[in-house]
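Keep in mind that the numbers below use all heavy atoms, side chains included, and drop hydrogens, waters and symmetry copies.
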Amino acid sequence: MLSVSDAEAIILNLVRPLDPQRDIEIIDLLAADHRILSTPVTSKLDFPHWDNSAMDGYAVRYEDVQQPTSLEIVEEIPAGYQPQSTVKAGQAARIFTGAVMPMGADTVVMQEKTRREENRVFILAAPKPQEFVRHKGAFYQAGKQLLPRGVKLHPPEIAVLAAAQCAELSVYRRPRVAIFSSGDELVTPDKPLQPGQIVDSNQYALAALVKEAGGEPLLLGIIQDNPDALREAIAYAITHADIVLSSGGVSVGNYDYIDQILESLGAKIHIQSVAISPGKPLTVATFPTPHSPLPTPHSPIYFGLPGNPVSALVTFWRFVQPAMRKLSGLAGGWEPEFLKVRSHHELKSNGKRETYIWGSLHLINGVYEFHKADGSHSSGNLINLAQTNALAVLPVGTKLIFPQAEVQVLRVALG
């Protein structure tokens, strides 16, 4: 049984990111939120595009205003207007924030330090040289890299790209993730329950998690505990997806067929169990590169997740989510995000496996606290999993964390 850290290292080492030349899409800027750049972006524009004023005031020659004086106003320059005059000795131009600096002027005197009388302005205090002037190219020079490959685009980056007139972008395609649940006892949410049956919540949860992580879910439904049906589903999934997620069928029961089917299809199994609670039974396997309808065939990675609902989600957050981040083309930051916070509640473990306790983070008097979810923390109880945004981590050998003590948490909500 592998440690959690060893399992994570193996998984991330298996992942090969999408190809920046072939695994791409050209999209409109309005569709770019949360997509990942596959090509560095440059712009033909300088930022600022021209010397401009950072303040409402008067554009002057610094040599004229090193002491209080009065100047002739020769022009008014609002934003978006091309100056028509050259500021000469003894002259000034009325200027507004963002407006182009006129020829001859090199400094702006803010209006609060002036007094105007008809067509003259009185400078009441000497400015600094070039004060309140934003120079062309001071923020960015045309032709240099504006954004690198592997950046996830959020509103600030999209604003930059819009300002740079990048109306279309090259981004990585979304990783395709095949998902199915296995088990004779499972039914879809629209079916009436018979005695002994269970609603398949895993497929819906995993599909939502895949979308949240930037992937495209391929839903294969519920596959019965039948070796032939499972083999057919897995064979299809590994030729149509970059990642395959199944839930159930990876433990040691009489109807747990997944691992033997994977081996019969030529898979190399890298992981079969991890010292984590919940989520001990975890299969991770790879296949030779297939003949695939995907733009660029990859050696698919198979994750056989536990069937218990909480175990399925915890193992996704801990292992699959980082793998998807790396596969998606992100330049870095694939690893899970851990924070050290204060625990509001007492947290317990048997100390034998790295234990993950679900709950939520709250900001209390400027300090983050972890609040354990109320109710039973059974791996089959998904009811109190609602509103989870963090998992408290108790390392192997740690059996108790007292209230108000420090605890490490895994943040599971993606941005």
Side-chain angles (χ1 to χ4, degrees), residues 4 181 183 185-210 212 245 247-248 250-251 253 274-282 305-321 336-365 367-414:
V4 172
S181 301
E185 74 281 12
L186 298 176
V187 295
T188 57
D190 58 323
K191 297 290 193 296
L193 280 179
Q194 301 300 320
Q197 291 184 328
I198 300 171
V199 175
D200 175 23
S201 62
N202 286 353
Q203 189 150 188
Y204 292 84
L206 293 172
L209 286 168
V210 165
E212 189 180 66
L245 302 179
S247 63
V250 292
S251 191
V274 181
I276 185 173
S277 176
K280 174 184 172 183
L282 173 68
L305 308 181
N308 282 327
V310 177
S311 300
L313 268 67
V314 168
T315 49
F316 183 96
W317 281 320
R318 188 61 184 86
F319 301 115
V320 182
Q321 187 169 277
E337 181 185 357
F338 290 100
L339 303 173
K340 287 187 177 180
V341 304
R342 190 168 59 198
S343 178
H344 182 75
H345 297 99
E346 181 179 87
L347 306 175
K348 292 182 178 181
S349 162
N350 64 16
K352 295 179 180 178
R353 288 182 273 160
E354 189 165 296
T355 299
Y356 289 69
I357 297 172
W358 52 100
S360 55
L361 288 175
H362 297 264
L363 192 60
I364 309 294
N365 296 324
V367 177
Y368 274 112
E369 280 191 354
F370 175 78
H371 289 228
K372 182 179 71 170
D374 293 335
S376 165
H377 275 245
S378 160
S379 61
N381 177 20
L382 61 76
I383 299 302
N384 67 346
L385 199 65
Q387 302 184 65
T388 291
N389 64 17
L391 304 171
V393 184
L394 277 65
V396 174
T398 299
K399 295 184 178 182
L400 179 64
I401 291 178
F402 291 103
Q404 303 307 306
E406 187 178 79
V407 63
Q408 182 171 257
V409 301
L410 168 63
R411 201 171 200 149
V412 298
L414 285 177

Practice task
Would you please test L282 and F319 for side-chain contact (heavy atoms from CB on, under 4.5 Å) and show each step?
Solution key: CA-CA 10 Å; L282 173 68; F319 301 115; 3.6 Å; yes

Handout entry: Flag if over 12 foreign heavy atoms under 6.0 Å of NZ, K280
Key = no

Completion exercise
Nearest heavy-atom approach of A390 to L361 is CB-CG, 3.8 Å

Completion exercise
Between the OG atom in S343 and the CD atom in E406, the distance rounded to the nearest 0.5 Å is 11.0 Å

Handout entry: For W358, side chain to side chain donor-acceptor pair (under 3.5 Å) partners two or more places apart
Key = N384

Problem - Listed once per pair and sorted, the salt bridge (Lys or Arg N to Asp or Glu O under 4.0 Å) pairs that draw on residues 311-320, sequence neighbours left out - result: E8-R318

Handout entry: CG/N350: more than 12 non-hydrogen atoms of other groups inside 6.0 Å
Key = yes

Completion exercise
Rounded to the nearest 0.5 Å, the CD1 atom of I357 sits from the CD1 atom of I401 at a distance of 7.5 Å

Exercise for the section: Decide if atom CZ of F338 counts as having more than 12 heavy atoms of other residues, nucleotides or ligands within a radius under 6.0 Å. Expected result: yes

Handout entry: Pairwise side-chain contact, L313 with T388, heavy-atom cut-off 4.5 Å (strictly under)
Key = no

Practice task
Scan for side chain to side chain donor-acceptor pair (under 3.5 Å) pairs involving residues 192-203, sequence neighbours excluded, and state none if there are none.
Solution key: S181-D200, D200-Q203, N202-S247

Handout entry: Where N389 and S360 come nearest, the two heavy atoms and their spacing
Key = OD1-CA, 3.1 Å

Problem - NZ on K399 to NZ on K352, rounded to 0.5 Å - result: 8.0 Å

Exercise for the section: Can you establish whether the number of heavy atoms outside D190 located under 6.0 Å from its atom CG is more than 12? Expected result: yes

Practice task
Could I get the full list of salt bridge (Lys or Arg N to Asp or Glu O under 4.0 Å) partners for K348, not counting sequence neighbours?
Solution key: E346

Exercise for the section: For A392 and L347, work out which heavy atoms get closest and say how close. Expected result: CB-CD1, 3.8 Å

Fill in the blank from the handout: Residues at least two apart in sequence or cross-chain that pass salt bridge (Lys or Arg N to Asp or Glu O under 4.0 Å) with E354, listed by chain then number, are none

Problem - Beyond-backbone contact of V341 with V407, side-chain heavy atoms, under 4.5 angstrom - result: yes

Practice task
Check the angle between the aromatic planes of H371 and H344 and answer parallel, tilted or perpendicular using the 30° and 60° thresholds.
Solution key: parallel

Handout entry: Residue list, side chain to side chain contact (heavy atoms under 4.5 Å, CB included) with I198, at least two apart or on another chain
Key = E185, L186

Problem - Residue pair T315 / P306: nearest heavy atoms and the distance that separates them - result: OG1-CD, 3.6 Å

Practice task
Carefully, step by step, assess L206 and L305 under the rule side-chain contact (heavy atoms from CB on, under 4.5 Å).
Solution key: CA-CA 10 Å; L206 293 172; L305 308 181; 3.9 Å; yes

Fill in the blank from the handout: From the list V4, L394, V310, V409, side chain to side chain contact (heavy atoms under 4.5 Å, CB included) with Y356 holds only for V4

Problem - S311 side, atom OG; L382 side, atom CG - distance, nearest 0.5 Å - result: 11.0 Å

Handout entry: Donor-acceptor pair, side chain of R353 and main chain of I276, under 3.5 angstrom
Key = yes

Handout entry: Distance (rounded to the nearest 0.5 Å) between L391 CG and K372 NZ
Key = 14.0 Å

